[in-house]
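A short worksheet on the structure shown next.
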Amino acid sequence: MRVLFYIIIFIVVGQFTLVGKPMVVAHRGASGEAPENTIPAFNLAWKQGADAIEGDFHLTKDGQVVCIHDGNTKKVAGENLVVKNTTLAELKKLDVGFKKGAAFKGTSIPTIEEVFETIPAKKKIYIEIKCGLEIIPPLLREISKSQLKKEQVIFICFDAKVIQAVKMRAPHFKAYWLSNVKRNQDGTFTPSLEEALTTLRKVKADGMSSSRAGINDDFIAKLQMAGFEHHVWTVNETEIAQWFMDRGTRSVTTDFPGKIKGALKEKVSN
Ligand code: G3P
Ligand code: CA
């Protein structure tokens, strides 16, 4: 019992001393106030003091890596083009800003190179792979071409096989498996803790980034005790961000990085 107590103290204290304070990650940029996955959203996130940005990436017909959430352009541009069947030049003609307000009219879908260019020294990017394994070689080429250091780049994906492939090709980058966590009526979880740990070990992930709902203290603590980091998305309320940070969650992904960063100044990374 005493040993367990010291292990828990070590983990909790370690979160703040050994590995630094938790990070505030701008979900699709500062997407609460600017068009998601665009340069204005990423620049606003930096202006608001975000520690990292999160962006969603797909491959175009001509092999370019672009930042957009869905596999088609309908939600952000109105016009419905399928990203993998469309060239970069064709995608660049679309306006993905006007829906968020007149101030953003004329904003285009950025390439990953353009997104990388916004990243200040020491800040990070969470690259969410939204398509399949085919994007990994071009993504790694883009990272090599950039000025980014390995600590600045983190991969995330819902498909554990993609995380496994990233860790096989480029083990020096951190990679987190994304998963929703559902609490069932009988108190069990889907995935169960054991299933989550099996997946994380199999694909050699560094941690799990979970949905905010469903997960509880015990699930988070046991993940951490098994040696995995816990991260969470999408948290726009200060009290909930605080709840996760108090449990050693390493990053909180939010649409409002300025609000979360400002409210939790003491707790989050400077
Ligand atoms: O950070 C993870 C989160 O972005 C996953 O969900 O749909 O916003 O890409 P989604
Ligand atoms: Ca995402």
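All values below were derived from every heavy atom in this structure, side-chain atoms included, with hydrogens, water molecules and symmetry-related copies excluded. Atoms within each ligand, like the ligands themselves, are counted from 1 in listed order.
At a 3.5 angstrom cut-off on N or O pairs, T234 does not count as close to ligand 1. At a 3.5 angstrom cut-off on N or O pairs, H69 counts as close to ligand 1. Residue-to-ligand polar distances keep T253 apart from ligand 1: every N/O pair is separated by 3.5 Å or more.
Using 4.0 Å as the threshold, F158 has a heavy atom nearer than that to some atom of ligand 1. Residue contacts with ligand 1: R28 is included, with a non-hydrogen atom under 4.0 Å away.
The protein heavy-atom contact nearest to atom 6 (O) of ligand 1 is W233 NE1, 3.6 Å. Remark: minimum distance from atom 4 (O) of ligand 1 to any protein heavy atom is reached at E54 OE2, 2.8 Å. Among all non-hydrogen protein atoms, the one lying nearest atom 9 (O) of ligand 1 is K130 NZ, 2.8 Å.
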Practice prompt. Mind running side-chain hydrogen bond (donor to acceptor under 3.5 Å, both in side chains) on H230 and S210 for me, showing each step along the way?
Written response: CA-CA 7 Å; H230 177 250; S210 77; 2.8 Å; yes

Please assess S209 against Y126 for the test side-chain hydrogen bond (donor to acceptor under 3.5 Å, both in side chains), listing each intermediate value before the final yes or no.
CA-CA 11 Å; S209 181; Y126 283 40; over 6 Å; no

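Of the N and O atoms on the side chains of N236 and T254, at least one donor lies less than 3.5 Å from an acceptor on the other residue.
Of all the atoms in ligand 1, the ones that sit under 4.0 Å from a non-hydrogen atom of E128 are 2 (C), 3 (C), 4 (O), 5 (C), 9 (O). Numbered from 1 in the order shown, with element, the atoms of ligand 1 that lie under 4.0 Å from a heavy atom of I156 read 1 (O). The distance from ligand 1 to the heavy atoms of L178 drops below 4.0 Å at these ligand atoms: 2 (C).
Restricting D56 to its N, O or S atoms, the one at the least distance from the Ca ion (ligand 2) is OD1. Within E128, OE1 is the N, O or S atom that lies nearest to the Ca ion (ligand 2). When you scan the N, O or S atoms of E54 for the one nearest the Ca ion (ligand 2), you land on OE2.
Salt-bridge formation is not detected for the pair R141/E113: no Lys NZ or Arg NE/NH1/NH2 atom is positioned less than 4.0 Å from an Asp or Glu carboxylate oxygen. A salt bridge is absent between K130 and D70: the closest approach of a Lys/Arg side-chain nitrogen to an acidic carboxylate oxygen does not fall below 4.0 angstrom. Between K75 and E36 a salt bridge is recorded (basic side-chain N to carboxylate O distance below 4.0 Å). Salt bridge status for K93 with E79: absent, with no side-chain N to carboxylate O gap under 4.0 Å. Electrostatic pairing of D255 and R28 does not count as a salt bridge here, judged by no charged N lying under 4.0 Å from a carboxylate O. By the 4.0 Å N-to-carboxylate-O rule, K167 lies close enough to D206 to be salt-bridged with it.
Proximity of V25 to ligand 1, defined as any heavy-atom pair under 4.0 Å, is not found for any part of the residue.
The only option from K261, K122, K123 that meets the side-chain hydrogen bond (donor to acceptor under 3.5 Å, both in side chains) definition with D51 turns out to be K261.
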